[in-house]
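Below is one structure, written out as structure tokens, with a few remarks after it.
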Amino acid sequence: MTPIVEVRDLHFSYGNHDAVRGVSLTIEAGQVYALLGTNGAGKTTTLELIQGFRRPREGAVRVLGVDPAAEPRTIRARTGAMLQEAGFFPELSVRSTLALWADLSSRRDRVDDVLERVGLTHKRDTKVQSLSGGERRRLDLAATIWGGPDLIVLDEPTTGLDPASRQTLWTLVRQLRDGGTTVLLTTHQLEEAESLADRVAIMHHGVIAVAGTLDEVLASQPARVSFDIEPSVGLSWLAPVLPGVAVDQDVVRRPHGSRLEVRVSGPEPVRDLRWVLDAADRAGVVLERLRANPASLEEVFHQVRLSAPAPSPAPTAREVSA
Ligand code: ATP
């Protein structure tokens, strides 16, 4: 099946500033794809290129099988976009705003149904200027999902939303996905990506530093086995340390006295856990609070930020898996 979005080696510059430097990504039908990244990483620019609002300096974009910059009408008819700032008339009511939207859109839908889906029925007669930030965001979303587009693009959709409104939006995104809609979103909230996304990409300085399913992205950093032991035990029983494994330790206070907290980081958590258990067994060491965890998305994000690529020459995007 043709991917809904296919981007190959995309480059874009504002003057002499290279904002996007070799981005490649593929989004299949019915996926939620989350683009994360540091401030100024190039996420919004990438979204604009994908929607055909800008033309790449180099590289190719196909959305719904066509070049969005060459066929904007085709793309508009099948894509709903929620940008960071939507321009609605402040004097119009919520209902009139959507009715106006209905006139402008080539897609058909019912105003009351859409208001119901985004939880704005009770505000249907309120003027846009009197809506709270979260309510405005819901109105943005109503316009975005109007008429059931094949692809929706959400630029930081939950910025400024309270936890309840955020949950509403997440539920709606899941419903859209379950109905076959493809969703591309940017976010600064790692929890949002963890909760919603089928695939995650982290951008930094104009490139995708790491991408894949959430598990693949988490596996790009060492997993961790951690445990507490009596400080007097020391670590000699763990020798020899396995190749590729790092062991570090801290003295920590616990309710029943000080303990040595030991962290074993390595690429193969199952192997590392087995090694720790076997060594402890042989030495008769008691392990307290034993845990094995993959790296968190926050740790991966932090690592990406630390490993800033040189601005020149432009590196290419790296996908964890195709
Ligand atoms: P944020 O997370 O802060 O919203 P972003 O990842 O969406 O950032 P972009 O908005 O795509 O990043 O910006 C990428 C880079 O391009 C930034 O360095 C930004 O300052 C620059 N930039 C963006 N828009 C313009 C513009 N219209 N003119 C010049 N430079 C721009």
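Order of appearance sets the numbers: ligands from 1, and atoms from 1 within every ligand.
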Worksheet item: With Asp228, which of Arg254, Arg291, Arg259 fulfils salt bridge (charged side-chain N to carboxylate O under 4.0 Å, His left out)?
Response: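 Of all the options given, the one that passes is Arg254.
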Discussion item. Between Val252 and Leu235, is there shared hydrophobic-cluster membership here, with clusters defined by ILVMFWY side-chain heavy atoms closer than 4.5 Å?
Written reply: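 No, because Val252 and Leu235 fall into different hydrophobic clusters, even though each may have its own neighbours under 4.5 Å.
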Worksheet item: Under 3.5 Å, is there a donor-acceptor pair linking the side chains of His256 and Glu288?
Response: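 His256 vs Glu288: donor-acceptor pair found between side chains.
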Worksheet item: If you measure only the distance, is there a donor-acceptor pair under 3.5 Å linking the side chains of Thr187 and Glu156?
Response: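 Thr187 vs Glu156: no donor-acceptor pair found between side chains.
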Discussion item. Under 4.0 Å from a heavy atom of Ala41: which atoms of ligand 1 are those, numbered in the order shown and with their elements?
Written reply: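 In order of numbering, the contacting atoms are 5 (P), 6 (O), 12 (O).
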Worksheet entry | Numbering as shown, the atoms of ligand 1 that approach Ala19 to under 4.0 Å (heavy-atom distance) |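 With Ala19 as reference, the close atoms of ligand 1 come out as 15 (C), 16 (O).
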Worksheet item: Under 3.5 Å between some N or O of ligand 1 and some N or O of Gly37?
Response: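 No, Gly37 has no N/O under 3.5 Å of an N/O on ligand 1.
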Fill in: Check ion pair Glu261-Arg263 (N to O, under 4.0 angstrom)
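Judged by the 4.0 Å cut-off on N to carboxylate O distance, Glu261 and Arg263 do form a salt bridge.
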Worksheet entry | Spacing of CG belonging to Leu25 relative to OH belonging to Tyr33, to within rounding of 0.5 Å |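 Here the interatomic distance stands at 4.5 Å.
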Practice prompt. Give a yes/no verdict on whether any heavy atom in Thr38 is under 4.0 Å from an atom of ligand 1.
Written response: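 Yes, that is the case, since the closest heavy atom of the residue is under 4.0 Å from the ligand.
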Worksheet item: Hey, is Met203 one of the residues with a heavy atom under 4.0 angstrom from ligand 1?
Response: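 Contact absent.
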Practice prompt. Answer side chain, backbone, both or neither: which part of Thr46 comes under 4.0 Å from ligand 1, heavy atoms only.
Written response: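 Looking at Thr46 and ligand 1, no heavy atom falls under 4.0 Å.
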Item to complete: Have a look at ligand 1 and work out which part of Glu156, if any, has a heavy atom under 4.0 Å from it: side chain, backbone, both or neither.
Response: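 Side chain only; the backbone of Glu156 stays clear of ligand 1.
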